[in-house]
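So the structure is just underneath, and the comments pick up after that.
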Number of protein chains: 2
Amino acid sequence: MRPSAQYTESVTTVDTAKPTLSEVARRAGVGRSSAARVLGNYGSVSAHTRERVLAAARELGYETNELARSMSTGVTMTLGVVVADIANPFFAGVLRGIADAAREAGYGTVLVNTDEDEAREDEAVRLLMGKQVDGIVIAPAGGAAADPNPLRTAQLRGVPIVQIDRTLAGLEADAVVMDNRHAARDATELLIAAGHRRIALVWGPARLGRQTVTPSSLERWATTTELTSVGERFLGYRAALDAADLELDPAIVMTGEQSIAGVRAFVRTVLATPRPPTAFIATELDAVIGVLEEVHAAGLRVPADMSIVGFDDSPWASVFDPPITTVRQPVQRLGEHAARRLIERISGAGGEPFVDHLASELIDRGSIAAPRG
Amino acid sequence: MRPSAQYTESVTTVDTAKPTLSEVARRAGVGRSSAARVLGNYGSVSAHTRERVLAAARELGYETNELARSMSTGVTMTLGVVVADIANPFFAGVLRGIADAAREAGYGTVLVNTDEDEAREDEAVRLLMGKQVDGIVIAPAGGAAADPNPLRTAQLRGVPIVQIDRTLAGLEADAVVMDNRHAARDATELLIAAGHRRIALVWGPARLGRQTVTPSSLERWATTTELTSVGERFLGYRAALDAADLELDPAIVMTGEQSIAGVRAFVRTVLATPRPPTAFIATELDAVIGVLEEVHAAGLRVPADMSIVGFDDSPWASVFDPPITTVRQPVQRLGEHAARRLIERISGAGGEPFVDHLASELIDRGSIAAPRG
DNA sequence: CTGTTAGCGCCTTCAA
DNA sequence: TTGAAGGCGCTAACAG
C-alpha cells in the first residue's frame with residue numbers, strides 16, 4: 001500500500017482539474033501562506049509543515065500557476081522574440097541561441113514572425129507587451145513607423161530591448177550584430193588577392209536605387225547610426241576596393257529586387273555585358289543560390305570561369321563540387337549574446353546602450369581561382 | 001495644438017508606467033466595468049461612453065494586460081510548442097507553419113527545445129503547463145518516461161495535445177505526420193525502376209541493432225501504434241523491395257549512430273565491401289550530407305557511378321551538380337495542420353484522436369541513373 | 001446601459 | 001514560524 005493510498009479518493013476527484021495552492025494547503029492542513037512559502041520557497045517554515053505541504057503537493061500533482069505568480073510579482077520570466085522569418089536558417093539559428101540562453105537563466109521564449117512587415121512588427125511588439133514579457137529581442141524591420149511607435153513605447157514602459165542583426169537609427173537600445181563590414185571586406189580582399197578586378201556584389205543596398213554612387217551618398221551610409229547587414233556588407237566591399245585602388249562600378253552592384261528572381265535577372269544581365277565580372281560576392285543565402293543557378297545555366301565553371309564567395313554557410317556548401325567558400329556566421333552565438341544582454345538589462349544592468357559586434361569566419365574552400373586570362 | 005494637448009501633463013506622468021483599465025476609466029469619467037466593456041468589446045455601451053473611453057485609452061497608450069485577462073478568463077490564447085531543435089530546417093519550417101496558423105486564429109506561440117532529451121521534454125511540458133498554455137504541439141522524444149508523465153497529466157488536466165512528426169505508443173492524442181512510408185517506398189521504387197538491385201538505406205532504425213532482420217522483428221515495427229519517421233521510412237523501403245522480390249540485406253541498412261559521423265563510417269564500410277550498393281537512400285538531411293561527402297571522397301560520380309535519393313529538400317539540392325533527387329516534405333503545412341487541429345480541440349471539437357498523414361513529393365532531378373554494367 | 005461586487009491564484013505585508 | 005487580509009488587473013454576474 002503506497003503512502004498516499006489513503007487519499008486515493010480525493011486524488012481521483014481533484015486530479016482532473018488543476019490543483020491550486022489553496023487546495024494543497026487545505027490537504028496539508030496548513031494556511032495558504034505557509035503552503036505558498038514552501039512551494040515558492042521563500043520565507044521560512046518548519047521542517048514539519050514543509051514536508052506535509054510537499055507531500056500534499058505531490059499527491060495532487062500540484063504545479064504552480066505561473067500566470068498567477070506573474071500577476072502578483074509583476075515578472076513573467078519570459079522573453080519576446082520578433083524576427084522576420086523563423087524558417088530562414090539564419091534566424092532559426094539565432095532563435096536557438098536565444099532559447100538556450102534564456103532557458104539557462106530560467107526564462108521562457110515567445111516568438112512572433114513578421115516577414116519584414118512593419119505593421120506586423122508593430123502588432124507583434126504590442127502583442128508581446130500585452131503578454132507582459134520582461135524584455136524583447138528584435139530584428140527591427142523598418143524605421144519607426146507609427147508615431148507612438150510600439151517599440152519606443154515599450155522602452156518608455158521600462159521593457160528592455162535588444163536589437164539583433166540590424167539597428168534602428170533613433171532607437172537607444174543595445175544591439176548584437178555580425179561584423180558584416182569586416183566580413184565583406186575580407187571576402188572582397190580574398191578575391192582581389194586572387195587577382196580579380198571586376199567583382200560583382202549580389203545583393204547590395206536596395207536604397208542605392210538607380211542613382212550613381214557618389215561620395216556623399218556613400219557618406220550617408222557610412223555615418224548613419226543605422227546598421228543593416230546589406231549596407232554594412234556594401235561598405236566592406238567598397239572599403240576593400242578602395243584600399244586596392246579599384247573603382248567601384250555601380251553596374252555590377254545589384255540594387256534591384258532582393259529575391260532569388262531578382263538575383264537571377266541581375267546575374268544574367270551582368271554576364272551578358274561586354275565586360276562581365278570575374279567574381280561574385282553573394283551576401284545572402286538566396287543570393288548564393290541565385291548566382292549558382294545562373295552561373296551554371298550560363299555554362300560557366302566554378303572556379304575556373306567564375307569565382308564565388310557566399311554568406312550564410314551551410315553543410316551543403318562543403319559537399320558542393322567545388323566546395324563553396326563562404327562566410328560562416330556564429331548565428332547561435334548571436335542569439336545567446338542577445339538573450340544574455342537582455343537578461344542583464346532586465347536584472348537592472350545600467351549603462352549606455354552598446355553594440356556588440358560578432359566576428360564571422362571566412363571559410364576558404366574551393367570556389368575561388370585566378371580570373372581567366 | 002493637438003487634441004490631447006490639454007492632457008499633456010498627466011500623460012507624461014503616467015506614460016512611463018503601464019496604464020491600467022482603472023486609470024482609463026477614471027480619466028474617461030466612467031466606471032471600471034464600462035471601460036472594461038469597450039476595451040474588451042463585449043456587452044453594450046452607449047456611443048458616448050465608448051468614445052470617451054477610447055479617447056482616454058488612446059491618450060494613455062493603454063494596452064490590455066493579457067495576463068490579467070487570462071487570469072480571469074482561464075484562457076491564455078497561447079500554444080506551447082515542444083521540438084527537438086529549432087535550428088533544424090525541418091522543425092524551423094514546422095514552427096513557421098504553427099506560428100502562422102496560430103497567429104491567424106489569434107493565438108501566440110511559446111517555444112521550447114529539447115534536443116530529443118526525455119528529461120528536458122518532461123521539463124518543457126511542465127513549464128508550458130505552468131504558463132497555462134491552452135494546448136501543446138509536440139514532437140515527442142521518447143516513451144513516457146516518469147510514471148506521472150507530464151504529457152499524460154496535461155491531458156488529464158484537459159489540455160489538448162497534438163503530436164507532430166512522430167507518435168507515442170500509449171498516447172491517445174491527435175497526430176500530424178508525414179506519410180513517410182509511402183515517401184520511402186516511392187523513392188525506393190524509383191531506384192528499382194532505374195535498374196538498381198542493391199540499394200542502401202541511410203539511416204534506418206537504430207533499434208534494429210545488430211540483430212538480423214527477422215520477419216517477427218519486422219512485424220513489431222509494422223504493427224506498433226508508434227510512428228517514427230525512421231521506422232516508417234524503413235518499412236516503406238522494405239515494402240518496395242518486397243514488391244519487387246528483392247531481398248533485404250541488413251548489411252546495407254545503417255543501424256548505427258545516427259549522425260553525420262555515423263553515416264560517413266557506414267558509407268565507407270559499405271563501399272569497401274565486395275558487393276557495394278549501387279544506390280543510396282538518405283532519409284535525413286545529415287544522411288544526405290554524409291553520403292555526398294563519402295561518395296565524393298571515394299571518387300565516385302553521381303549519378304554515373306552512384307545513384308542517390310535524399311529526404312529534406314533544400315534550395316541547395318537543386319543547384320547541385322547534378323541536382324539531387326529528393327523527397328520534399330510540406331513542413332510548413334504540417335505545422336499549420338497541427339496548429340489548426342489543436343485549436344479545434346481547444347475550441348471543444350470532440351471525436352476520437354486521429355492521425356493526419358501528409359503526402360510528400362518526390363522531386364526527380366538528376367541524381368539517379370541506371371547502375372553501372 | 002451602467003456601476004457595484006466578487007473572484008481568478010498567487011505573493012506579501014502585518015499581526016499573532 | 002504561522003495565519004489572516006489585501007492586492008495585482010481583469011472579467012463576470014448582479015442589481016439598479
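Chain naming here is simple, since letters A, B, ... match the order of the sequence lines and numbering starts at 1 in each.
Heavy-atom distances under 4.0 Å link DNA chain C to B/M71, B/S72 of residues 68-76 of chain B, given in residue order.
To the nearest 0.5 Å, atom OG1 of residue B/T153 and atom CZ of residue B/R126 are 8.5 Å apart. Within the model, atoms CD of A/Q132 and CG of B/N65 stand 3.5 Å from one another, a figure rounded to the nearest 0.5 Å.
Within the 4.5 Å cutoff, no side-chain heavy atoms of B/K131 are placed close to those of B/T76. The closest side-chain heavy-atom distance from B/L54 to B/L39 is below 4.5 Å. The shortest distance between side-chain heavy atoms of A/R157 and A/M129 falls below 4.5 Å.
Each of B/E66 and A/V45 lies near DNA chain D, and the nucleotide nearest A/V45 is the one positioned closer to the 5' end. Both B/E63 and A/V30 lie near DNA chain D, and the one whose nearest nucleotide falls closer to the 5' end is A/V30. Residues A/A36 and B/G31 each lie close to DNA chain C; by heavy-atom proximity, the contact nearer the 5' end of the strand is made by B/G31.
The number of heavy atoms from other shown groups lying within 6.0 Å of CZ (B/R120) is above 12. With a 6.0 Å radius and a threshold of 12 heavy atoms from other residues, nucleotides or ligands, A/E104 has its CD atom at or below the threshold.
At the heavy-atom level, A/S33 lies under 4.0 Å from base atoms of the strands shown. A/R32 comes within 4.0 angstrom of nothing in the nucleic acid, heavy atoms only.
Of all nucleotides in DNA chain D having an atom under 4.0 Å from a heavy atom of chain B, the first and last in 5' to 3' order are D/dG9 to D/dA12.
Checking each of A/V81, A/V159, A/L79, A/V162 against A/I136 for a side chain to side chain contact (heavy atoms under 4.5 Å, CB included) leaves exactly one that passes, namely A/V159.
The end-to-end axis angle of the helix from C/dC1-D/dG16 to C/dA16-D/dT1, rounded to 10 degrees and based on five pairs per end, is 40°.
Between B/R27 and B/E59, at least one side-chain N (NZ, or NE/NH1/NH2) sits under 4.0 Å from a carboxylate O, which counts as a salt bridge.
The nearest whole Å value for the distance from the CG atom in A/N41 to the C1' atom in C/dC10 is 14 Å. Between the P atom of C/dC8 and the CG atom of A/L21 lies a distance of 13 Å, rounded to the nearest Å. As rounded to whole Å, 8 Å separates atom P of C/dC11 from atom CG of A/L39. Taking atom CZ of residue B/R37 and atom P of nucleotide C/dT5, one finds them 14 Å apart after rounding to whole Å. Atom-to-atom, CG of A/N65 to C1' of C/dG7 comes out at 14 Å; the value is rounded to the nearest Å.
Taking 4.0 angstrom as the limit, A/Y62 places a side-chain polar atom (N or O) nearer than this to OP1 or OP2 of C/dC10.
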Inset, instruction - Using the side-chain contact (heavy atoms from CB on, under 4.5 Å) rule, take B/L111 and A/V110 through it: C-alpha gap first, then chi angles, then the decisive distance, then the call. - result: CA-CA 6 Å; B/L111 170 77; A/V110 337; over 6 Å; no
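The backbone N or O of B/A139 sits nowhere less than 3.5 Å from a side-chain atom of B/D165 that would complete a donor-acceptor pair.
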